[in-house]
Amino acid sequence: MNIYKIYFNHTIEILDKFKLDSNYNFDNTEILKKITLEPPKNTINGDMSTNLAMLLSKNLKLNPKEIANKLKPYISKLPNVLTVDIAGPGFINITLKQKTWSDCIKKILLDPDNWDKQDLGKGKRINLEYISANPTGPLHAGHARGAVFGDALASLLNEVGYKVIREYYINDAGSQIEKLVESSLIRYDECNGKNIKEIPVGLYPGEYLQEVGKALLKKYGKNLKQNSKEDIFNLVREVSLEVIMKMIKEDLYKLGIEMDVFTSEHNIISGNLLTDILTILEEKNLTYFGFLDPPKGVDPTKWERREQFLFKSTVYGDETDRALKKSDGSWTYFATDMAYHLDKINRTNGDLINVLGADHTGYISRINAAVNALSNGSISIDTKVCALVNLMENGKPIKMSKRAGNFVTLSDIIDAVGKDVIRFIMLTRRNDQSLDFDFKKVMEKSKENPVFYVQYAHARCNSIFKSAEILEENLHIENTDLLSGKDEIELIKFISQWPRTLELAAKNHEPHRICYYLIELSSMFHSLWNKGKDNFNFKFIVEKDIKLTNARLLLVKAVALTIRKGLSILKIKPIFEM
RNA sequence: GCGCUCUUAGCUCAACUGGAUAGAGCAUUUGACUUCGAAUCAAAAGGUUGGGGGUUCGAGUCCCUCAGAGCGCACCA
């Protein structure tokens, strides 16, 4: 039950009626795209506001206010309208009867699980690829943001009716895997009692690889190296990946994340997909052997002009064409990634979303071109970029150096502050803005810490039920029209905006909106709570008035319910007692 | 050098994707606990949305330009 949607639909009906009645002849397809019905930013402008008159003014060549006046009678006739005002440059502001709002609480509580359900996705499938960290070591702090962002987005899209596939791409091919194998072998020797001294530069020095060494020793004993070179490589590769992916999965699990699909780059390469993309591209005449211009900034002495096998990504807006094969004839990373995207397209039969780190922004346009070419433009891909996270300790940045080995792992952070705190804080900024994560601040029990602030509001709700000595679920859903205080009604209006917030967050792929909504809802609730301190009449529990108390407790219940809904999308546990 | 992403109050950030007087929190000043949890609340003050142009009924949001920050820039992954 999205009340704003209901009146939005009324507005569209009015447009049709108005067109008919007034004999105006105009094409309203543009207007239908731009028409809005929103809660105004400032509450003095009523409950809902539409820009319809302003949009019509272009077509009718009339002053928007004049049109608004003509529309006014139509809107006044809509159900439960108290007043219609024309304001500013031509906004039509609607105020509904108070009872409409108090009735909302009734509707919400009569169907608490489903009142906010909306089927935007209509069961459509979406493939959401996120994290996809290289399988060469455990996840570190920087991975947390993309992980949480992707996971919250998946959860959010599921909530509004999409069928989301949570996918992780394992980059288990290429030179970094060769280095991993080499590094693992050193650790194997170490476990075998050999003194290994320092790990050579360029290899992976992390001690976590000792786990791989141990696993190798356990599985193959002391004679692993008697196998052929190729066999050793494959055996070590397999065990290394197994051990490290297990670490990664465990860390993700600790963060509340379970992926649906893990796809291996290695498998993509050994399958038929690369010949498939070649067939598609060649059919469209999108490949050629040729030369690329040197990029402007590159040192000319280092530039070597050579012929390459290229994909015409410029056809789809990329800045330059991209190489598909290396000079030794093997496929480039981009080519296999293209094949991987074809794989996703085939399996998903729906749109794609990629969540990347900020250091991969330069990669987006070529992937867009690839998806466009491979799907004939029928599949859309949205790439969300997560900006940097600055780890701080009490306002000062924590210096990390991979070489010195003192980088903070994801597991460290989870152990330090808990998964719920990480999940919330990582979403308190838009994804494309960099974010400070301060270990001290996120653990603070004060308003400065938004997780605490929201949880505290929820705990307070619960505390009221305890004081009233009634269980939330035993409240009778009646007398809601006793909710008549200005702040009570404002709070109800804000709760009524919840489905709208969900919709906006889902459509724009912006889960941070959920966090901001919850913070504001909590703020309104805390405020109302304190009203009762200034004035006895505003307390939720009014000793001598059971009916009024019941009505107010229903409002509190709706607040608690909405906080829980929001948190559950973020996969955060609500706290009932601090 | 080229491209992408950014720049909003002293600080950290929002702003319903083009809407009305740009909103919060910190910090500052001042108030509210014999009463449902003061871990909270109320109020004041704080702005030429980096500068300059343009598009239109209307711009933080779109276009151009300049300045600054971050990231990326032929076979790596």
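Convention: sequence-line order gives letters A, B, ...; per-chain numbering from 1.
A donor-acceptor contact under 3.5 Å is formed by the side chain of A/N93 with the base of B/A20. No donor-acceptor contact under 3.5 Å links the side chain of A/D432 to the base of B/U5. Evaluation of atom-type donor-acceptor distances gives no pair under 3.5 Å for the side chain of A/T320 against the base of B/A74. The base of B/U40 lies close enough to the side chain of A/N530 for a donor and an acceptor atom to sit less than 3.5 Å apart. Contact of A/S527 with B/C41 (side chain to base): no donor-acceptor pair of N or O atoms is detected under 3.5 Å.
In this entry the distance linking CG of A/N508 with P of B/G18 reads 10 Å, nearest Å. Rounded to whole Å, the distance from CG on A/L356 to C1' on B/C71 is 13 Å. Atoms CG (A/N431) and C1' (B/C6) sit 13 Å apart, rounded to a whole Å. Per the geometry, CG belonging to A/L60 stands 14 Å off P belonging to B/C57, to the nearest Å. Between the CG atom of A/L388 and the P atom of B/U12 there is a distance of 15 Å, rounded to whole Å. For the pair A/D382 CG and B/U17 P, the interatomic distance rounds to 16 Å; values are reported in whole Å. Across the protein-nucleic acid pair, A/E319 atom CD and B/G3 atom P stand 9 Å apart, rounded to whole Å.
Using a 4.0 Å heavy-atom distance criterion, A/K41 is classed as a base contact. Looking at heavy-atom distances under 4.0 Å, A/R430 makes contact with sugar-phosphate atoms alone, never a base. When heavy atoms are screened at a 4.0 angstrom cut-off, A/E304 is found touching base atoms of the nucleic acid. Among the atoms of the strands shown, none is found under 4.0 Å from any heavy atom of A/P450. Counting any heavy atom pair closer than 4.0 Å across all strands shown, A/I541 reaches a base atom. The residue A/L502 sits apart from the nucleic acid: no heavy atom pair falls under 4.0 Å. Counting any heavy atom pair closer than 4.0 Å across all strands shown, A/S434 reaches sugar-phosphate atoms only and no base atom. As judged by a 4.0 angstrom heavy-atom cut-off over every strand, A/D337 is placed among residues making no nucleic acid contact. Counting any heavy atom pair closer than 4.0 Å across all strands shown, A/K447 reaches sugar-phosphate atoms only and no base atom. Across all strands shown, A/A173 has heavy atoms under 4.0 Å from sugar-phosphate atoms exclusively, and none from any base. Counting non-hydrogen atoms under 4.0 angstrom, A/N45 reaches a base of the nucleic acid. Within the nucleic acid shown, A/F334 has no heavy atom closer than 4.0 Å to any nucleic acid atom. Residue-level contact check: A/E510 touches the bases, meaning some heavy atom is under 4.0 Å from a base atom. Residue A/S175 is in sugar-phosphate contact alone, with no base atom involved, counting any heavy-atom pair closer than 4.0 Å across all strands shown.
Phosphate proximity of B/C36 to A/K539: absent, as no side-chain N or O sits under 4.0 Å from OP1 or OP2. Distances shown here put every side-chain N or O of A/Y517 at or beyond 4.0 Å from the OP1 or OP2 atom of B/A15. Listed pair A/Q433 / B/U5 fails the phosphate criterion, with no side-chain N or O lying under 4.0 Å from OP1 or OP2. Between A/H512 and B/A15 there is a side-chain polar atom (N or O) within less than 4.0 angstrom of OP1 or OP2.
A/K445 forms no cation-pi arrangement with A/F452, by the criterion of a distance under 6.0 Å to the ring centre and an angle within 45° of the ring axis. Judged by a 6.0 Å distance limit and a 45° cone about the ring axis, A/K326 is not positioned over the six-membered ring of A/W331.
The aromatic ring centres of A/F494 and A/Y517 sit less than 6.0 Å apart.
Taking the six-membered ring for Trp and thresholds of 30 and 60 degrees, A/Y363 and A/F334 have ring planes more than 60 degrees apart, a perpendicular arrangement.
Judged purely by distance below 3.5 Å, without hydrogens or angles, the side chains of A/N462 and A/E577 never pair a donor atom with an acceptor atom. There is a side-chain donor-acceptor pair under 3.5 Å between A/D328 and A/S330. Side chains of A/N537 and A/K531: no donor on one and acceptor on the other come within 3.5 Å.
The side chain of A/Y453 approaches B/U40 more closely than any other nucleotide in the set B/A20, B/U40, B/C16. The side chain of A/K326 lies closest to B/C75 when the candidates are B/A74, B/G19, B/C75. Taking every side-chain heavy atom of A/N42 into account, B/U21 is the closest of B/A77, B/C36, B/U21. The nucleotide whose nearest atom lies closest to any side-chain atom of A/K58 is, among B/C57, B/A77, B/U17, B/C57. For A/T361, taking side-chain heavy atoms from C-beta onward, the closest of the listed nucleotides B/C71, B/U17, B/G58 is B/C71. Of the candidate nucleotides B/C6, B/C16, B/U40, B/C16 has the atom lying nearest to any side-chain atom of A/L504. Listed nucleotides B/G72, B/C6, B/A20 differ in distance to A/P40; the shortest reach to its side chain belongs to B/A20. Relative to the side chain of A/E448, the nucleotides B/C76, B/U40, B/G25 differ in distance, and B/G25 lies closest. Picking from B/A77, B/U40, B/C36 the nucleotide with the shortest atom distance to the side chain of A/F540 gives B/C36. Residue A/Y456 has its side chain nearest to B/U40 when only B/U40, B/C76, B/A20 are considered.
Within 6.0 Å of CD on A/E543 lie no more than 12 heavy atoms contributed by other residues, nucleotides or ligands.
A stacking contact links A/F91 to B/A20: the aromatic ring centre lies within less than 5.5 Å of the base's six-membered ring centre, and the planes differ by less than 30°.
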